[in-house]
Amino acid sequence: MGLQLEKMTLHNWKCYQDQTIEFDLSFQDETKNVWIIFGQNGFGKTSILEALQWCLYGTGAVNKEALRKAFNDVAVSDNPTLEMSVQLTFKRGEDSFLVSRSAQRKPRGKLVTVDDREATVYRNGRECQDPREWIEVLLPKMSREFFFFDGVDIQRYAQQTHTVETKNAIERILGIPELKNLRDDTERALKDLQKQLSDAEQTNEELQRVVTELETVEVGTETQREQLGRAKENLRSAQTIYEDTKQRAEQLEGLREKLDELRRLEGDRDRLRERLDRAEQQVEETLRKAPIPLLLGFVKEVANELQGQTVTTAKLFGSVQQLQKLLNSDRCVCGRCLDEEAKRYIQQDLEQLQRVKENSSRYGALEQDELRDRLSALSRYDQWNLEEKLLDRDQHRDDLDEIEQRISRLKRETHGINEEEARDIWRKVAEAERQRDDYQNKIGQFQRAIDQSLQREDELRRKMETLAGKHKETATLAYQVRLARGLLEATKELIDWRIEDAKATIEEKTSEVHRRVTNKPDEYNGVVLKENYTLGVRTVTGEVLNPETLSAGEKEALAFAFITGLNLASETSALLVMDTPFGHLDKTHQRNLVKALPDIDSQVIVLATDRDFPDPLLNELMPNVAGVRHIERVGGSERLSEVT
Amino acid sequence: MEQQLQVLAQKHGIPVALLQEAIKEERERIVRQNRRMTPRLKEMIAQYADVSQG
């Protein structure tokens with residue numbers, strides 16, 4: 001059994017000042033589902049029904065004007081600012097729900113307004129944050145007339161057409177809206193997922209492109225590395241060649257200077273040779289052409305000798321005379337006396353000088369002087385300067401010897417030097433340097449290219465990782481889309497199935513109930529549920545009758561059967577509260593409907609007059625009655641009632 | 001109803017628990033102005049996809 005009302009408390013609500021009506025659910029006898037609250041017309045049956053609806057739906061069920069009049073008259077006379085309240089306690093399974101609403105009367109002069117407060121809902125003792133939502137979950141407002149109705153209103157469900165609201169309310173009871181919501185929400189979820197999948201698939205294409213590009217870049221990088229390796233090898237070779245060549249060049253550079261010096265010395269040597277040749281020729285020619293000059297020196301020497309002899313002779317004569325005087329003198333020129341030894345020494349020198357004087361006297365002074373004069377004249381002869389030439393020649397020879405020695409040394413030092421190589425070596429150095437620089441430049445280029453490639457590889461790898469992550473998501477998304485599509489299709493089919501199944505159930509149950517409650521079981525063979533849940537009565541002949549053509553009693557019987565069938569088709573049945581449903585029916589319908597009450601799989605609260613349940617009928621129903629209450633006047637006042 | 005859910009879940013290749021849970025959550029949110037059920041459904045689908053692929 002679904003939602004059941006356990007207790008109802010009314011405070012200053014209409015004719016009830018402080019009223020608690022309890023519906024004892026503790027016995028849990030599902031065969032006893034009917035509660036009857038008897039009350040004569042005007043005693044407050046409908047007030048109970050209105051209290052239920054106001055507590056649940058507020059002014060949506062009882063408008064402001066009606067609410068303003070709902071305050072208990074007796075209490076208001078004592079307290080114009082009276083508060084009133086209704087509390088409902090429901091049970092559904094193990095859950096307990098307390099719904100409460102209050103209002104206060106606010107008189108302002110002659111004008112009276114009502115402060116209608118929001119309902120509160122407690123679930124298992126804890127206040128719910130969204131009371132309206134919880135009330136909608138318990139008893140949807142739009143479907144309230146399927147739960148709370150009177151015998152006249154019920155007939156409208158036997159109309160040829162239903163309003164959209166009624167259709168929606170029926171579907172609400174059948175649990176169709178949540179399925180339609182699920183369909184719509186799943187459709188949106190599917191679209192979202194398809195969009196994500198589409199994006200992911202585009203990502204996959206991008207991933208493929210990135211992978212291809214990365215492979216290309218990697219191949220390019222590898223090629224560049226190989227080129228770099230070769231270039232480095234070439235560079236090493238070029239560097240070696242360059243260094244060797246440079247070293248050789250530097251060696252040659254030093255030798256080259258010597259070679260230059262050698263060449264210069266050889267030039268000097270050649271020139272010296274020429275000079276020497278000339279000098280020798282001059283000497284030879286001089287010697288050949290001039291014998292006198294060759295004797296000139298001799299003549300000079302003789303003349304000089306003669307001159308010298310003349311002087312010596314003169315000196316000798318002078319010395320002899322002076323020595324003779326000294327020997328003959330008694331005293332020395334210095335004033336001291338000569339001893340014998342000094343006189344003997346002087347005598348010896350004098351004798352020696354006498355001998356020289358005697359020799360010189362052999363030639364005769366005249367002849368010697370003439371010879372000397374003639375030789376002196378000869379010595380003044382303009383000679384050819386042979387000596388100078390000889391000196392000059394000798395100088396050339398010495399110079400030549402020196403140069404020859406230097407040339408010889410330089411030749412030894414520069415032995416094996418290729419002059420052409422010496423000239424070409426720096427060109428080779430430059431060539432090697434250029435080659436080395438070329439390889440260095442190439443290495444730089446390769447390195448930069450590799451760096452760029454590696455950078456690009458890194459970028460692509462990171463992008464690939466990101467995309468690969470999304471690639472994994474793609475498979476997941478594809479599966480999610482499949483699930484969403486499956487869920488959508490399943491929901492669509494479920495809605496169709498649910499509607500058809502509910503209609504079939506409603507049709508079947510309604511037909512069953514209708515067959516029991518109709519006063520023409522021989523004529524009617526069930527109920528047909530048409531589009532939009534409108535009803536038709538099928539006759540035994542197969543004709544489907546328009547419910548508009550039925551009598552009021554037949555309409556109510558049909559509507560009752562429909563509500564019962566609807567409740568049975570609902571997965572979450574709720575209580576039914578009926579206000580004087582049977583009194584105006586013919587006896588057959590009345591009897592049949594009352595007897596059908598136990599068949600409703602819900603708590604049924606019937607606000608009844610005695611006419612609704614004649615004693616024989618009540619007795620017949622009693623095995624299924626859970627409780628009977630009676631509304632009594634309090635103190636005979638029309639304004640105060642109580643339920644006992 | 002439960003039997004039909006089994007049939008439909010099998011027919012459309014989805015876990016029956018997904019269908020049951022989705023209906024349950026929709027039922028709980030039926031009265032809300034803003035159900036915000038689409039992201040919740042995507043979340044549920046993702047969870048069931050993980051479990052199925054797991």
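Just so it is clear: chains get the letters A, B, ... in the order the sequence lines come, proteins before strands, and each one is counted from 1. Side chains included, hydrogens not; waters and symmetry mates left out as well; all remaining heavy atoms used.
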Go through B/E28 and B/K24 one step at a time and tell me if the salt bridge (Lys or Arg N to Asp or Glu O under 4.0 Å) criterion holds. CA-CA 6 Å; B/E28 287 172 358; B/K24 180 172 174 287; 3.1 Å; yes
NZ/NE/NH1/NH2 to OD/OE distance under 4.0 Å, B/E25 and B/R29: yes
Considering only heavy atoms and a distance below 4.5 Å, find which of B/M44, B/K42, B/Q4, B/R40 pairs most often with chain A. B/Q4
Under the 3.5 angstrom rule, does the side chain of A/Q603 hit a backbone N or O of A/L5 as a donor-acceptor pair? yes
Quick one: what part of A/L487 sits under 4.5 Å from any heavy atom of chain B, side chain, backbone, both or neither? both
Side-chain donor or acceptor of A/N124 paired with backbone N/O of A/S96 under 3.5 Å: yes
In terms of heavy-atom pairs under 4.5 Å, which option from A/R188, A/E493, A/E136 contacts chain B the most? A/E493
Name the option with the most non-hydrogen atom pairs under 4.5 Å to chain B; the candidates are A/D184, A/D192, A/L179, A/L477. A/D192
